[in-house]
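Taking it in order: structure first as structure tokens, then the write-up.
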Amino acid sequence: MKEYSPKEIEAKWQRIWEEKGLFKAKDFDKKPKFYGLIEFPYPSGAGLHVGHIRAFTSMEVISRKRRLQGYNVLFPIGWDAFGLPTENYAMKTNQHPRKVTDQNIKTFVSQLKRVGYSFDWDRTVDTTDPAYYKWTQWIFLQLFKRGLAYRSNTYVNFCENCKVVLSNEESQGGVCDRCGSPVIQKQKDVWFLKIRDYADKLLDGLEGLDFLPRVKTEQENWIGRSYGAEVDFPVTTGGALRVFTTRADTIFGVTFMCIAPEHPLIEENAAAIKNMAEIEAYREAARRKNEFERVQLQKDKTGVRIEGVSAINPLTGKEVPIFVADYVMMGYGTGAIMAVPAHDTRDYDFAKKYNLPIIQVIDGGEVNLEETAYTDIYNGTMINSDFLNGLPVKEAIAKMIDYIEAKGIGTRKVNYNMKDWAFNRQRYWGEPIPIVYCDKCGMVPVSEEELPLKLPDLEEYKPTDTGESPLSKVTDWVNCKCPKCGGAAKRETDTMPQWAGSSWYFLRYIDPKNNNALADPEKLKYWGPVDWYNGGMEHVTRHLIYSRFWNRFLYDIGAVPFAEPYKRRTAQGLLLGSDGNKMSKSLGNVVNPNECIDKYGSDVLRTYVMFIGDYERPAPWSDNSIIGCKRFIERVWRLPEIMNDEAGYSKKHTASVHRMIKKVSADYEATGFNTAIAAMMTFVNEVYADGFITKSELETLLKLLYPVAPHVTEEINEAIGNKTLIAESTWPEYDENHLVEDEVSIPVQILGKLKGVVKVARTASQEEVTDAILNGDLKSYFEGKTVVKVIYVPGKIVNFIVK
RNA sequence: GCCGAAGUGGCGGAAUGGUAGACGCAAGGGACUUAAAAUCCCUCGGAGGCGACUCCGUGCGGGUUCGAGUCCCGCCUUCGGCACCA
């Protein structure tokens, strides 16, 4: 065998596969379909990252395997190319974002091709292509027409550094997703998508999906459904203060009320409020606190009592004070709470600080209200609560809700943590929002025939300090005719967020060039839904929620034939630097895939990222360990040297081969890529130890390894005289009959401790096994002992209980 | 605070309740070589013993079981997610 030269053979096979068009997905093919999806990359200036390789290679392996298994496979690639980093980079280097994007895409294409991924390149999509975003805009119009896109003047997350409004999903932990600076609350007139209306559908839709449990749980927590009741507390100046509570059982323990600083009750009662100046000062201070400060100050509750207005407990008729307190959020529930300091830790802290009464209404084993609130809802019974007295908490909640509904004081209510999706960005490099403002007609959607509403070319597209979109300066674009009345009108100048284009790209792959629909319904029916989607955990409460929402909406309006877009979702662990830290330029621990391919070849790199560890867990890169994979590939490369069909039939080999087929096949399906590769290494070690391998055994190994290391396996396959490409062959099957060997080694335990191993025929009975042990090498262990009991698990283990 | 995952050699990591440490790296020894690289062979959790062997060992403390890394109870630690969510 000549020397292993990855550079040559990788280019060669990539060319051959492409010429043969082996990876093109065929619409309506008779074969069963498989749609494998990876999260399409953001084509950043930094180029492909080894993290991408780990994320993509799993679906690459599965896709190649599926083709051999006889599936018609759709494994596409595209570019999520709108967004701030490109725009920022373009500004820094003084180029147009379009140009930067095209350059970056070119780099990504060449890098991905070098890795040898079996994408169907004909179906590439680019979110910044007008032919693509025509349909992004179309979806927006459908949302708008059904009242699911609306404008609202309210407090929203805002990043002062990026000068942009952020959704809740983009500001998790109170910091900007992009730049990490703290997010502030800013009052703005903002576009929202009513994702909250889909909260139940998104939650209930999770059932039956094959998502990793942690993916499901994170989504459930993010959506955060809680069951409770809205209760009206009459206000002394008239009207009522409505609160949301999950603890209706504790209404008898209410000693004060709190409202969020933004709560309208203040304006409504301005005349009656005696300390307005104080309250205004408090509100102003609260407004200036950012999320970060609010979290830091969690323990330090503050508030101001509203003098002159009180609430009345609808059950006891007692008057309770109302406070403005910033631990109450306008964005959740009704922006007002009933405070039960005895049984809520936050209310407790507040009551302690402002010397408010604490009334215990639940009696539990270890209540010590001197130190903390008693919040256990599973233990404890009601006291001081009239008709609830003596009931366990859970029953009391149900009974109270029934009671207040009957009395007309309140109603049961479900609340969600998830907020509506803030949808517009004051930036240039995004999809224009297809809405026109007409003095006469108000907000008017651009007519669908006019789509795509193209992003105008701009020389100056820097974000402005006034918070206005750069597009607002393009007067001949902004000024337009009202699609409804034909009068003078102005265009919406904000653009959509980065997440828009990625919320439906998996649909476009199915029919990427369709100009009449986002995709042909028949093709959607054929290919959809995605069978297996792999991506990062960081997208679980971002992209994955958004895209499920859009797909579900499109399903509801009949544009898509399936309610849930992804049948199965897995997630790769982060690839860390060799120092165990997240790879980053500043730490200098970034591994460049190009350099790895130059040094070891793509097959070795691919093998290594799959072998590095548990696929779902973070793993540190190791320059040493990759050498192990290089050695393995080279050992495989040299196998033809010991290929020998004359060496004879070996039952042991056959069993090993079939065990390997079974293990590798199953492990690939379960993302156990590391153990699959280990099983192949074990086989190769065994074969070298025996000194020979048959041609058919080698062919089997090559096929099993092909999804991971396709180039080298094709080359060897050709070198041993095969005319058919592995890419065009079929996946090996194992035969259970070959898995079992005639003789098995049974571990022998005495009182649960391992003493040795006995070799017996596979079919041996317990008596035969016991005899073999008592008369064999291990018999000295039994001298002077009596065997009381024998536990024999056939073929597995035997344990003697002796005295 | 709440939710989730995990703690196994020097390292990455394997183990449907059934021989703990597969596979790989690193390390040590040897073969080949003028030498190096590459390759091949051996050793490789700890302690003891010349030795066949013995004892200890999967974060800690209990328990269930013939048998526990795996199951149960109680802790500790780390990581990830959410977070004044009422």
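Computed from heavy atoms alone, side chains included, the values below leave out hydrogens, waters and symmetry copies. Naming convention: chains lettered A, B, ... in sequence-line order (proteins, then strands); numbering from 1 in each chain.
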>> The test is side chain to side chain donor-acceptor pair (under 3.5 Å); show your working for A:Asp603 and A:Tyr608 and say whether it passes.
In response: CA-CA 8 Å; A:Asp603 283 329; A:Tyr608 179 56; over 6 Å; no

> Using the C1' atom in both, what is the distance from B:G17 to B:C66, to the nearest Å?
Replying inline: 12 Å

> Hey, which of these two, A:Ile791 or A:Arg631, hits RNA chain B nearer its 5' end, going by closest nucleotide?
Replying inline: A:Arg631

> Which part of the nucleic acid, if any, lies within contact of A:Asn415, taking any heavy atom under 4.0 Å across all strands shown: a base, the sugar-phosphate backbone alone, or nothing?
Replying inline: nothing

> Which is it for A:Glu230 and A:Arg242 under the salt bridge (charged side-chain N to carboxylate O under 4.0 Å, His left out) test, yes or no, and what are the steps along the way?
Replying inline: CA-CA 6 Å; A:Glu230 281 187 354; A:Arg242 178 166 293 180; 3.8 Å; yes

> 5'-most contact on RNA chain B: A:Arg617 or A:Pro747, nearest heavy atom basis?
Replying inline: A:Arg617

>> For the P atoms, the ones on B:G10 and on B:A5, what distance do you get once it is rounded to whole angstrom?
In response: 28 Å

> Whole Å only: how far is the CG atom of A:Leu575 from the P atom of B:G13?
Replying inline: 11 Å

>> Testing the 3.5 Å rule here: is there a donor-acceptor pair between the side chains of A:Tyr668 and A:Thr675?
In response: no

>> When the C1' atoms of B:C72 and B:U65 are compared, how many Å lie between them, rounded to an integer?
In response: 12 Å

>> Taking any heavy-atom pair under 4.0 Å as a contact, classify A:Phe611: base, sugar-phosphate, or nothing.
In response: base

>> Does the structure show a Watson-Crick or G-U wobble partner for B:C2, both distances under 3.5 Å? Name it, or say none.
In response: B:G81

>> In this structure, how many angstroms lie between the C1' atom of B:G24 and the CG atom of A:Asn685, rounded?
In response: 10 Å

>> Hydrogens and angles aside, do A:Tyr734 and A:Ser665 bring a side-chain donor and acceptor to less than 3.5 Å of each other?
In response: no

>> Taking any heavy-atom pair under 4.0 Å as a contact, classify A:Tyr781: base, sugar-phosphate, or nothing.
In response: sugar-phosphate

>> Can you tell me if A:Arg225 touches the phosphate of B:C85, counting only side-chain N or O atoms and a distance under 4.0 Å to OP1 or OP2?
In response: no

> Does the A:Lys301 side chain pair with the main chain of A:Arg346, one donor and one acceptor, at a distance under 3.5 Å?
Replying inline: no

> On a whole-Å scale, what distance lies between the P atoms belonging to B:A38 and B:U16?
Replying inline: 36 Å

> Roughly, in whole Å, what's the span from CG in A:Asp614 to P in B:G21?
Replying inline: 20 Å

>> By nearest atom, which of the nucleotides B:C25, B:C84, B:G4 is closest to the A:Lys301 side chain?
In response: B:C84

> After noting the C-alpha distance and the side-chain angles of A:Arg247 and A:Asp344, does the key distance pass the salt bridge (charged side-chain N to carboxylate O under 4.0 Å, His left out) rule?
Replying inline: CA-CA 10 Å; A:Arg247 296 297 305 276; A:Asp344 180 283; over 6 Å; no

>> What's A:Ser622 touching, base or sugar-phosphate or nothing? Going by heavy atoms closer than 4.0 Å.
In response: nothing

> Can you tell me if the side-chain N/O atoms of A:Asn221 get under 4.0 Å from OP1 or OP2 in B:G4?
Replying inline: no

>> Heavy atoms only, 4.0 Å cut-off, all strands: where does A:Pro213 land among base, sugar-phosphate and nothing?
In response: nothing

> What nucleic acid atoms does A:Lys789 come within less than 4.0 Å of, heavy atoms only: base, sugar-phosphate, or nothing?
Replying inline: nothing

> Which nucleotide in the list B:G18, B:C66, B:C85 gets nearest to the side chain of A:Ile801?
Replying inline: B:C66

> How long is the line joining CZ of A:Phe323 and P of B:A86, in whole Å?
Replying inline: 22 Å

>> Just to be sure I understand the rule, does A:Lys419 reach a base, reach only the sugar-phosphate, or reach nothing, if contact means heavy atoms closer than 4.0 Å?
In response: base

>> Rounded to whole Å, how long is the line connecting atom CD1 of A:Ile746 with atom C1' of B:G18?
In response: 11 Å

> With both distances under 3.5 Å as the test, what is the Watson-Crick or G-U wobble partner of B:G57?
Replying inline: none

> Among B:C84, B:G4, B:U19, which is the nearest nucleotide to the side chain of A:Asp326?
Replying inline: B:C84

>> With a 4.0 Å limit, can you tell me whether A:Lys753 has a side-chain N or O closer than that to the phosphate oxygens OP1/OP2 of B:C56?
In response: yes

> Where the side chain of A:Ser625 is concerned, which of B:G24, B:A86, B:A15 is the nearest nucleotide?
Replying inline: B:G24

> Paired with B:G17 by Watson-Crick or G-U wobble geometry, both distances under 3.5 Å: which nucleotide is it?
Replying inline: none

> For the side chain of A:Thr682, counting heavy atoms from C-beta on, which of B:G18, B:C23, B:G12 is nearest?
Replying inline: B:C23

> Whole-Å distance between B:U19 C1' and A:Tyr792 OH?
Replying inline: 15 Å

> In Watson-Crick or G-U wobble terms, both distances under 3.5 Å, what is the partner of B:C23?
Replying inline: B:G12

>> Against A:Leu241, only a single residue in A:Thr334, A:Asp232, A:Ile259 fulfils side chain to side chain contact (heavy atoms under 4.5 Å, CB included); can you say which?
In response: A:Ile259

> A:Trp222 has an atom CH2; how far is it from atom P of B:G80, in whole Å?
Replying inline: 17 Å

>> Syn or anti for B:G29? Use the chi torsion, O4'-C1'-N9-C4 for purines and O4'-C1'-N1-C2 for pyrimidines, with syn inside 90° of 0.
In response: anti

>> Rounding to an integer number of angstrom, what distance separates B:G62 and B:A52 when you compare their P atoms?
In response: 34 Å

> Between B:A20 and B:A27, how far is it from one P atom to the other, in whole Å?
Replying inline: 30 Å

>> Please give the distance between the C1' atoms of B:A6 and B:U70 as a whole number of Å.
In response: 14 Å

> Is it true that atom CD of A:Glu207 has more than 12 heavy atoms of other residues, nucleotides or ligands lying nearer than 6.0 Å?
Replying inline: no

>> With a 4.0 Å cutoff (strictly under), does any side-chain N or O of A:Tyr615 reach OP1 or OP2 of B:G12?
In response: no

>> If I pick the P atom on B:C71 and the same atom on B:U78, what distance separates them, to the nearest angstrom?
In response: 23 Å

>> For B:C85 and A:Arg346 - does any side-chain N or O of the residue sit under 4.0 Å from the phosphate oxygens OP1/OP2?
In response: yes

> What about A:Gln749, does its side chain sit under 3.5 Å from the base of B:G18 through a donor-acceptor pair?
Replying inline: yes

> Should B:A38 form a Watson-Crick or G-U wobble pair with both distances under 3.5 Å, which nucleotide is its partner?
Replying inline: none

> Which of these passes ring-ring contact (aromatic ring centres under 6.0 Å, His included) with A:Trp421: A:Tyr546, A:Tyr198, A:Trp499?
Replying inline: A:Tyr546

> Between A:Arg242 and B:A86, is there a side-chain N or O to OP1/OP2 distance below 4.0 Å?
Replying inline: no

> For B:A52, which nucleotide in any strand shown is its Watson-Crick or wobble partner with both distances under 3.5 Å?
Replying inline: none

> For the base of B:C66, is there a side-chain donor-acceptor partner from A:Asn799 under 3.5 Å away?
Replying inline: yes

>> Whether A:Ser226 contacts B:A86 is assessed here as follows: a side-chain N or O lying under 4.0 Å from the phosphate OP1 or OP2. Is that the case?
In response: yes

> Rounded to whole angstroms, how far apart are CG on A:Asn674 and P on B:A14?
Replying inline: 5 Å

